Amino acid sequence: MLFGDKSTESIQQIVSEAKTYLELQKDYVRLELTEKLTILLSTLILVLILVVLGMVALFYFSSTLAYVLAPKVGGLMVSFGLITLFLVLVMLVIYHQRQRLIISPMVNFLAKIFLKDKEDGQPIITTINDNDSENGERNNA
């Protein structure tokens, strides 16, 4: 009977410790998620501000360039047309290189934030560029 009481108390203590552990793990996950979402949101806001300011700067720069080029190319309308054509070409190049310029860096950034190994701070998976080069080497072999 005495042996049964001790084992019951031990089991109750283990269950109590397990509940406490699970509550602490839940709090830890919430803190980790809050930290990672804060980093993501602050980066998003920073990028948004830089993009808006960059667009304003590009607008004023292209307007200034159009007025500078106007006497050399035969008029203001032609210079605005040339700058528009140049900007459309830049947009097409960015669109065709979107995987390398936009998607891969974004995936790598998100992987660093959300898939970081807790012990050494290294990402759990390799980056997109590493995977592409490894796959390319395997396909060539």
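In this text the structure is predicted, and so the values were computed from the model without any measurement.
Put simply, CG on Leu33 and NZ on Lys36 are 9.0 Å apart, with the number rounded to the nearest 0.5 Å. Met91 contributes atom CE, which lies 11.0 Å from atom NE2 of His96 (distance to the nearest 0.5 angstrom). With rounding to the nearest 0.5 Å, the separation of CG in Leu37 from OG in Ser42 is 10.5 Å. To the nearest 0.5 Å, atom CG of residue Leu87 and atom CG of residue Leu92 are 11.0 Å apart. Taking CD of Gln25 as the start and CD of Glu32 as the end, the distance is 10.0 Å to the nearest 0.5 Å. Put simply, CD1 on Ile113 and CD1 on Ile39 are 5.5 Å apart, with the number rounded to the nearest 0.5 Å.
Across every non-hydrogen atom of Leu101 and Ile94, the tightest pair is CD1-CA, 4.3 Å.
Judged as a side-chain hydrogen bond (donor to acceptor under 3.5 Å, both in side chains), and not counting sequence neighbours, the contacts of Arg100 are Gln97.
No side-chain N or O of Glu17 forms a donor-acceptor pair with one of Tyr21 less than 3.5 Å apart.
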Taking distance alone, no hydrogens or angles, what donor-acceptor pairs closer than 3.5 Å link side-chain atoms of residues 46-63 to residues at least two apart or in another chain?
| unit_1 | atom_1 | unit_2 | atom_2 | d |
| --- | --- | --- | --- | --- |
| Ser62 | OG | Leu58 | O | 3.0 |
| Ser62 | OG | Phe59 | O | 2.9 |
| Ser63 | OG | Phe59 | O | 3.0 |

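Residue-environment remark: OH (Tyr67) stays at or below the threshold of 12 foreign heavy atoms within 6.0 Å.
Evaluation of the salt bridge (charged side-chain N to carboxylate O under 4.0 Å, His left out) test over residues 44-68, restricted to residues two or more places apart or in two chains, returns none.
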